[in-house]
Protein chains: 2
Amino acid sequence: MLRLSKLTDYATVILSFMARDKAQVHAAMEIAAVTGIALPTVSKIMKLLVNADVLISTRGAKGGYALARIPEKISVATVISALEGPIALTECSISQQGCEQASGCDIRGNWNLINQTINNALESVTLADLIRPAAMPEEVLIPVASLYR
Amino acid sequence: MLRLSKLTDYATVILSFMARDKAQVHAAMEIAAVTGIALPTVSKIMKLLVNADVLISTRGAKGGYALARIPEKISVATVISALEGPIALTECSISQQGCEQASGCDIRGNWNLINQTINNALESVTLADLIRPAAMPEEVLIPVASLYR
DNA sequence: ATAATTGAGGACTATTTTAGTACTATTTAA
DNA sequence: TTAAATAGTACTAAAATAGTCCTCAATTAT
């Protein structure tokens, strides 16, 4: 599958919690307790999200992390690239250099198109969409007959 | 970044070569020689592509591999899932079971939406598109001034 | 028929990546 | 000034991936 790292997965869980909870500031320890993710791992993720301007940190006593802006303005693409770097399927799409695979790599330009499409898809989904009650289409579509087996 | 495995990358290179070359049948050894990928690795990739009905194999002397259909009918999505399994960003989107992350995972339904979008993007691009001379937009957009530095 | 050529399948190993941990420094409120 | 909190860095362990090798099966040419 098209892998996302576990850290990215955790990040969405953490951000969802923060977006749902009214409190503005959350300490790393509190988040670790609520989500069940180990504290050092939470810290690591928070640091990356701060660097990507998704979160704002406050040090010292009563410090903690807060969303840098409203959930509607935080795209999934931003979160993913904060954790994994630029969103692209192939190395060469990032490096601007092309690859050294001498024979048979005129493919690059076209990969860019694909990457762009995927990027657009991820840009269009925000944190607010993620915490919205899910549509759960597959459950709606289960044929009634299957309930009687 | 949203990683594709190296094997998938190789697969696109191999398939591009095969789609461009007039000859119908290519032995694994020939492909290894042309692409510079080690023979055992080529074999491994070919095996997966045969199982996914992207290639057809012929054993024995004068045997080899041929595309199962015209490049226009081979989607990038097919190739990727042949090498990496189902296209999805999160585990839970595949397993149909949801995850055990007790607190805070109502996200699933929405991830499905994202995965679907990405899948559509990859379905819409074919091998034929990949070997088409690339548009190379970034080269076109270089300001002329930059040539004089 | 038989030998040569080519793919199929599976098991194994090594490498790389990722996850997770620990420790130390820095900042700020009480 | 002390306690509470994040920042940063380096290290370790585990898991995933890539790559190799070996044996078996099939086909064709001699």
Side-chain angles (χ1 to χ4, degrees), chain A residues 1-14 18 23-33 35-68 80 82-85 89-91 101, chain B residues 1-14 18 23-68 80 82-85 89-91 94 101:
Chain A
M1 77 170 183
L2 264 178
R3 291 191 344 138
L4 280 188
S5 72
K6 260 193 206 175
L7 291 184
T8 306
D9 208 355
Y10 293 162
T12 61
V13 172
I14 292 173
M18 293 181 71
Q24 291 295 311
V25 176
H26 301 270
M29 247 188 58
E30 176 198 353
I31 289 178
T35 61
I37 304 168
L39 175 59
T41 304
V42 171
S43 299
K44 194 176 186 176
I45 294 167
M46 301 315 253
K47 180 172 39 174
L48 290 169
L49 291 174
V50 168
N51 287 342
D53 290 319
V54 171
L55 295 180
I56 292 174
S57 68
T58 318
R59 287 190 175 190
K62 303 250 170 167
Y65 298 95
L67 295 179
I80 293 180
L83 277 287
E84 324 223 1
L89 293 180
T90 49
E91 265 310 333
Q101 197 78 29
Chain B
M1 77 169 182
L2 266 178
R3 292 195 343 140
L4 280 189
S5 73
K6 263 192 204 173
L7 291 185
T8 306
D9 207 356
Y10 292 162
T12 61
V13 172
I14 292 172
M18 292 181 72
Q24 292 295 312
V25 177
H26 302 270
M29 247 188 60
E30 176 197 354
I31 289 177
V34 172
T35 61
I37 304 168
L39 176 58
T41 303
V42 171
S43 298
K44 191 177 190 175
I45 294 167
M46 302 314 254
K47 184 170 36 172
L48 289 169
L49 291 174
V50 168
N51 288 341
D53 290 319
V54 171
L55 295 180
I56 291 174
S57 67
T58 318
R59 287 186 176 193
K62 304 248 168 169
Y65 298 93
L67 295 180
I80 292 179
L83 278 285
E84 322 222 3
L89 292 180
T90 49
E91 266 309 334
I94 294 173
Q101 197 78 30

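Nothing here was measured: the structure is a model prediction, and the numbers come from that model. A, B, ... follow the sequence lines: proteins, then strands. Residue 1 opens every chain.
Distance CG/Leu83(A) to NZ/Lys6(A): 14.0 Å, rounded to 0.5 Å. In this structure, CD1 in Ile14(B) is found 4.0 Å from CD1 in Ile45(B), a value given to the nearest 0.5 Å. The CD atom of Glu30(B) lies 12.0 Å from the CG atom of Leu39(B); values are rounded to the nearest 0.5 Å.
For Tyr10(B), a side-chain nitrogen or oxygen approaches OP1 or OP2 of dG19(D) to under 4.0 Å. Contact annotation: Ser43(A) does not reach the phosphate of dA7(D) (side-chain N/O to OP1 or OP2, under 4.0 Å). In this structure, Ser5(A) does not reach the dT17(C) phosphate: none of its side-chain N or O atoms is under 4.0 Å from OP1 or OP2.
Listed candidates were dT5(C), dT6(D), dA7(D). Nearest to the side chain of Val50(A) is dA7(D). Distance from the side chain of Ala27(B) is smallest to dG7(C) among dA18(D), dG7(C), dT28(C). Considering only side-chain atoms of Ser57(B), the nucleotide from dT27(D), dA8(C), dT20(D) that sits closest is dA8(C). Which of dT21(C), dG8(D), dA7(D) sits closest to the side chain of Ala38(A) comes down to dT21(C).
Rounded to whole Å, the distance from CG on Leu39(A) to P on dT21(C) is 10 Å. Taking atom CE of residue Met46(B) and atom P of nucleotide dG9(C), one finds them 14 Å apart after rounding to whole Å. Straight-line distance from the CD1 atom of Ile31(B) to the C1' atom of dT5(C): 16 Å, rounded to whole Å. Regarding Lys6(B), its NZ atom lies at a distance of 14 Å from the C1' atom of dA16(D), rounded to whole Å. Following rounding to the nearest Å, Tyr65(A) (OH) and dA4(D) (C1') show an atom-to-atom distance of 13 Å. Straight-line distance from the CD atom of Glu84(B) to the P atom of dT17(D): 8 Å, rounded to whole Å. The distance from atom CG of Leu48(B) to atom C1' of dG10(C) is 13 Å, rounded to the nearest whole Å. What separates CE of Met29(A) from C1' of dT6(D) is a distance of 13 Å, to the nearest Å.
Smallest separation of non-hydrogen atoms from Ala82(A) and Leu49(A): CB-CD2, 4.1 Å.
Nucleic acid contact for Lys47(A): base, since at least one base atom lies under 4.0 Å from a heavy atom of the residue.
Residue Gly60(A) is the one, among Gly60(A) and Lys44(A), whose nearest nucleotide of DNA chain D lies closer to the 5' end (criterion: closest heavy atom). When each of Leu7(B) and His26(A) is assigned the nucleotide of DNA chain D with its nearest heavy atom, His26(A) is the one assigned upstream, toward the 5' end.
The closest side-chain heavy-atom distance from Val25(B) to Tyr65(B) is not below 4.5 Å.
Arg59(A) contributes a side-chain N or O that forms a donor-acceptor pair with the base of dT26(C) under 3.5 Å.
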